[in-house]
Amino acid sequence: VSQSRYFAAREGTEAATVLLEKATDWKNTLTTNGYLEKLKTCWACYHGAYFTDLASGHTITFGGEQGVLAQLPINHIRNLAQHMYVMTTSSRPSMEARAANTDYKSTAQVTLANGLLDYYMREKRLERYINKAVELSIVLGSGYVKVEWDATSGKIVEEDEETGEKIFEGDLKFTNVSPFDVVFDVNREDSNHDWILIRTYKNKFDLAAKYPELEDKILALDTKTSQDKYSSQIFRKNESDEVEVWTMYHKKSDALPKGRELVFLSEDIILLDSPLAYRRIPVFRISPNEILGTAFGYSNLFDLLPIQEGINHLYSAIMSNNIA
């Protein structure tokens, strides 16, 4: 493939192929530098899985060569993380629209905007998604809220009697995304990305019903359980009907004046390829800190990992001696 043309400006299937390669490179880089393992360790510690798996994480287990070493985890990390979470989210987000001009029309729009903000915070539970992103950021260094326009939600506004095509009211849709599912250029020194690749999951039978022309290809895709690249994979044992849905957002730039939104399931299954319908990339990130000179988040929980490990070993040694 010629490298003289920007990958994000290439034809749909070609761009999807490059993006999947970038996703693999992203995973390999994070595996090599240890960042992915750090995130998995933090996830496990937050849920009490220290010496064994999550199922046995809240009991005393035994290990060592003779099987007589008592393994007693004392989960301070979750306690401290919960305190950080409560301190951060106890004050509700206070968003208020303001008019740039003083004319009547602008003032009226402010009233409407404030009403919409209150509606989405309360009725559509935007606050819950923000709080979940905070929790993700405390545990995993970064948390994301994906905001998109769902054109198929709400009541039917119009229906074509001949074709059966329906037009819905549409509404905003919010989705939390973990750093396991956000791919970007690892060489960037800040989080002001030109493009970002998001992985979500959706039932393949729903997708096949929505895109009947691609039904055979969609139903033949590997599901979440049989193809899982980067997540914790702890509860991924039973068969699933969900498949990966990849969404690439590219901001409006000199190379792509209209931006781009590309939604695909694989190299040859393109669901949407259109200019970016938003002012900016509709993925919003929360991070306690950043690793300087990179676009990766940093959490204070990272600093607690060795202390927690030492405490667990000390309590385990005391328990082992007492049992003996």
Side-chain angles (χ1 to χ4, degrees), residues 30 33-59 71-96 117 120-122 124-147 174-182 184 188-193 196 198 230-235 283-316:
L30 266 63
N33 63 23
Y35 189 77
L36 193 62
E37 189 62 33
K38 191 188 301 290
L39 298 189
K40 289 185 176 182
T41 302
C42 276
W43 188 95
C45 291
Y46 186 65
H47 296 93
Y50 288 99
F51 296 107
T52 58
D53 57 17
L54 190 63
S56 304
H58 301 92
T59 61
Q71 297 172 326
L72 174 63
I74 307 295
N75 196 357
H76 290 292
I77 276 187
R78 183 174 182 90
N79 182 39
L80 293 169
Q82 286 287 299
H83 275 78
M84 285 187 266
Y85 172 74
V86 171
M87 291 174 64
T88 306
T89 59
S90 57
S91 298
R92 300 186 64 187
S94 179
M95 295 183 285
E96 183 179 356
L117 280 171
Y120 280 103
M121 289 294 286
R122 295 180 183 274
K124 292 297 182 178
R125 300 180 177 179
L126 173 57
E127 186 177 6
R128 177 181 293 185
Y129 290 97
I130 295 174
N131 290 348
K132 178 56 69 175
V134 170
E135 185 177 16
L136 285 169
S137 71
I138 291 172
V139 179
L140 302 175
S142 299
Y144 297 83
V145 179
K146 178 184 175 188
V147 184
F174 308 106
T175 308
N176 282 117
V177 187
S178 80
F180 290 117
D181 301 309
V182 181
F184 49 81
R188 285 202 67 92
E189 297 184 4
D190 56 46
S191 57
N192 183 27
H193 301 290
I196 196 168
I198 304 293
Y230 339 116
S231 69
S232 52
Q233 302 183 34
I234 290 180
F235 289 111
V283 180
F284 301 89
R285 173 177 177 258
I286 295 176
S287 181
N289 294 283
E290 291 186 346
I291 300 177
L292 296 179
T294 76
F296 293 99
Y298 187 96
S299 170
N300 291 340
L301 254 63
F302 296 173
D303 300 321
L304 298 178
L305 290 175
I307 302 174
Q308 177 69 70
E309 184 179 3
I311 288 174
N312 286 344
H313 286 306
L314 287 174
Y315 275 104
S316 297

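Reckoned from all heavy atoms, side chains included, excluding hydrogens, waters and symmetry mates.
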[X] side chain vs [Y] backbone, donor-acceptor pair below 3.5 Å:
X    : Y    : value
S316 : L72  : yes
R78  : Y46  : yes
N75  : H47  : no
N176 : Y129 : yes
Q71  : F51  : no
S299 : L140 : no
N312 : I74  : yes

Give the minimum heavy-atom separation between [X] and [Y], together with the two atoms involved.
X    : Y    : result
N300 : N289 : OD1-ND2, 4.0 Å
A295 : R285 : O-NH2, 3.5 Å
I286 : S137 : O-CB, 3.2 Å
Y50  : P73  : CD1-CB, 3.5 Å

| What's the verdict on side chain to side chain contact (heavy atoms under 4.5 Å, CB included) for S191 and H193, showing C-alpha distance, side-chain angles and the deciding distance? | CA-CA 5 Å; S191 57; H193 301 290; 4.2 Å; yes

| query | Strictly under 6.0 Å, is that where the ring centroids of Y35 and Y298 end up? | reply | no

Crowded around [X] [atom1]? As in, over 12 foreign heavy atoms under 6.0 Å?
X    : atom1 : answer
R188 : CZ    : yes
F302 : CZ    : yes
H76  : NE2   : yes

| query | Any side-chain heavy-atom pair from V182 and S142 closer than 4.5 angstrom? | reply | no

| query | Is any side-chain heavy atom of V283 closer than 4.5 Å to a side-chain heavy atom of V145? | reply | no

Taking atom [atom1] of [X] and atom [atom2] of [Y], what is their separation to the nearest 0.5 Å?
X    : Y    : atom1 : atom2 : value
R92  : M121 : CZ    : CE    : 6.0 Å
F296 : E290 : CZ    : CD    : 11.0 Å
L117 : L126 : CG    : CG    : 8.5 Å
L314 : E309 : CG    : CD    : 11.0 Å
Y85  : L136 : OH    : CG    : 10.0 Å
L80  : I138 : CG    : CD1   : 11.0 Å

| query | Between E135 and K132, is there a side-chain N and carboxylate O pair less than 4.0 Å apart? | reply | yes

| message | Walk me through whether F180 and L36 qualify under side chain to side chain contact (heavy atoms under 4.5 Å, CB included). | response | CA-CA 8 Å; F180 290 117; L36 193 62; 3.8 Å; yes

